[in-house]
There are 2 protein chains.
Amino acid sequence: MSTMPSRQPKRKDAIRTRAALLAAATECFARQGYEATNIRAVCAKAGANLGAVSHYFGNKERLYREALVLAHRELVAREPVPQMGAGDSPRRALRNWVRYLLRIFLLRRAAHPYAGRLIAWELRDPTPALDDLIAEVLGPVRQALNQIVAAALGDADEPELRARCANFVHGICVFHDQNRELLQRFGHPVPDREEELVVLADTIVEFAMAGIKRLRTQPSATSPRRRKTTRSRPSRG
Amino acid sequence: MSTMPSRQPKRKDAIRTRAALLAAATECFARQGYEATNIRAVCAKAGANLGAVSHYFGNKERLYREALVLAHRELVAREPVPQMGAGDSPRRALRNWVRYLLRIFLLRRAAHPYAGRLIAWELRDPTPALDDLIAEVLGPVRQALNQIVAAALGDADEPELRARCANFVHGICVFHDQNRELLQRFGHPVPDREEELVVLADTIVEFAMAGIKRLRTQPSATSPRRRKTTRSRPSRG
DNA sequence: TTGAATGTCATACAATTGTATGATTTAATG
DNA sequence: CATTAAATCATACAATTGTATGACATTCAA
């Protein structure tokens, strides 16, 4: 860890080795997550020595952070977060959003080969890097969904209801990624090709739009029509 | 591992120690999952020696299996899987089902204090014990949901569409358990008290019933209205 | 070409963890 | 009470893994 040339590598070998290390790490982390990835395997795959990680990145965590940041930056650069255009209908916007998320998490050949898996792992087993990830990617993505839901809710839009609906859509999408094993055993393998994915996305959109519409006309659950005695002030008694 | 008195312990200390070990293990596994739980901590909590696990259970995995089986058996005994009664409307049945699942995964003081967490961990990080769990609990639970969805779909019921709808409901529910950290950071903490949970459940039911109804009248996504060439017999070629 | 900076390598170290074991203590039995 | 089987204990072992280091090799500039 004496020098750690993260900037300005002094020799050509350096950038090559560093890049190889980063690439190998990205793949390993994407495949197995942070904990299960061991440095030795990464170095072997990169054709580098064991000490290389210490030398170039200091430790495992910093290597991971750099891989994660690089990957998600590239992902966003290649496939921007879908924003609801002025002329877009909520349905159309939602369709784009759902497809976007499913592509990232489900598709084998996504815009970035590893970013999706890296993000999925980070969501599953959060590390200190989650904050950055939220700030740069997950936050904006979620924000986009919130806006779509708000538009779909129209007059009935209200923070809690909006969040709830967004959670439902969000949940349906990530469920298919986070529960592959279970779905496999239930006989419903998760699609990993574009065509099937689009069908799934459209089904989700129909389902969700109807659900939102229902909650728009009858948001009984979150704010009871006739609130009966506020239960001795449950809020911060 | 010489004797391993899983049946017929020869002395009174034995059953006491064994039980303490099992209880401690159940709590640890429920809190941290299989991998993160270490034998030493379990033994310490049980007031037993390190060798006790080898002695009474053989190894960590068998200890885990016994804890998992015991816990989920007790859970099912105390709170049976909600079946759709003959007179039940789909809405009512779905409400019971959603509440059931949310209680297991979200409630702090559930029917069984640890079974829910144990099952959640097993779903997150499947071990060989997943098969048993599916056979005894998850399978029947899912089956119950399938029946409810089938009833809600009515004439439009059809395996693929049914599975898809069930996935959506299922996904919405477990999302709230599997993504606590993220929801926390988004400012939408997951409810852990009965009253809030019921409200969430009812919202989910409204959302889902509307979604199912929509897909019932327009199942375009999964089975095109005009099925064009049955794709060279997709069923069991 | 030469020397100094720098990348690479084999190796070591410490910590963690599941498992196994032989000695010792304890309790049940005749 | 004595005997014996069983429970408990301290301890050891092997494997894994992140990290650090000092020797060696290589490249580049003067």
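Protein chains get the first letters and strands the later ones, always in sequence-line order, with residue 1 at the start of each.
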Nearest whole Å is fine: how far is [N] [atom2] from [X] [atom1]?
{"X": "A:K12", "N": "C:dT8", "atom1": "NZ", "atom2": "C1'", "value": "18 Å"}
{"X": "A:K60", "N": "D:dT16", "atom1": "NZ", "atom2": "P", "value": "15 Å"}
{"X": "B:N59", "N": "D:dA14", "atom1": "CG", "atom2": "P", "value": "19 Å"}
{"X": "A:I15", "N": "C:dT6", "atom1": "CD1", "atom2": "P", "value": "15 Å"}
{"X": "A:F57", "N": "D:dG18", "atom1": "CZ", "atom2": "C1'", "value": "16 Å"}
{"X": "A:R18", "N": "C:dT6", "atom1": "CZ", "atom2": "P", "value": "16 Å"}

(request) For A:D13, report the nucleic acid contact type (base, sugar-phosphate, nothing); a contact means any heavy atom under 4.0 Å. (result) sugar-phosphate
(message) What I want to check is whether the side chains of B:R142 and B:H170 have a donor and an acceptor closer together than 3.5 Å.
(response) yes
(request) For the helix from C:dT1-D:dA30 to C:dG30-D:dC1, measure the angle between the helix axis at one end and the axis at the other, each built from five pairs, rounding to 10°. (result) 10°
(request) Check side-chain hydrogen bond (donor to acceptor under 3.5 Å, both in side chains) between A:N38 and all other residues, then give those that pass, not counting sequence neighbours. (result) none
(message) Suppose we screen for side-chain hydrogen bond (donor to acceptor under 3.5 Å, both in side chains). Which residues come up paired with A:N49, at least two apart in sequence or across chains?
(response) none
Between [X] and [N], is there a contact of a side-chain N or O with OP1 or OP2 at under 4.0 Å?
{"X": "A:H55", "N": "C:dT8", "result": "no"}
{"X": "A:N49", "N": "C:dA10", "result": "yes"}
{"X": "B:S54", "N": "C:dT21", "result": "no"}
{"X": "B:Y56", "N": "D:dA7", "result": "no"}

Side-chain donor-acceptor pairs under 3.5 Å in residues 129-140 of chain B, sequence neighbours left out?
| unit_1 | atom_1 | unit_2 | atom_2 | d |
| --- | --- | --- | --- | --- |
| B:D131 | OD1 | A:R185 | NH1 | 2.2 |
| B:D131 | OD2 | A:R185 | NH1 | 3.2 |
| B:D132 | OD2 | B:R65 | NH2 | 2.8 |
| B:E136 | OE1 | B:H72 | NE2 | 3.3 |
| B:E136 | OE1 | B:R73 | NE | 2.8 |
| B:E136 | OE1 | B:R73 | NH2 | 3.4 |
| B:E136 | OE2 | B:R73 | NH2 | 2.8 |

(message) A quick test of your reading: do over 12 heavy atoms of other residues, nucleotides or ligands sit less than 6.0 Å from CZ of A:R78?
(response) yes
(request) Could you identify which residues of residues 28-43 of chain A place a heavy atom less than 4.0 Å from some atom of DNA chain C, listed by residue number, or say none? (result) A:R40
(request) Please say which of B:V98, B:D202, B:L102, B:V190 ends up in a side-chain contact (heavy atoms from CB on, under 4.5 Å) with B:L197. (result) B:L102
(message) Which is more 5' along DNA chain D, the nucleotide nearest B:L50 or the one nearest B:R16? Just name the residue.
(response) B:R16
(message) Testing the basics here: between A:A52 and A:A48, what is the closest heavy-atom pair and its distance to 0.1 Å?
(response) CB-CB, 4.0 Å
(request) Provide the full list of salt bridge (charged side-chain N to carboxylate O under 4.0 Å, His left out) pairs with a residue in residues 33-42 of chain B, sequence neighbours left out, each pair given once. (result) none
(request) Evaluate salt bridge (Lys or Arg N to Asp or Glu O under 4.0 Å) for B:R124 paired with A:E181, printing each intermediate quantity in order. (result) CA-CA 9 Å; B:R124 253 182 72 101; A:E181 184 97 23; over 6 Å; no
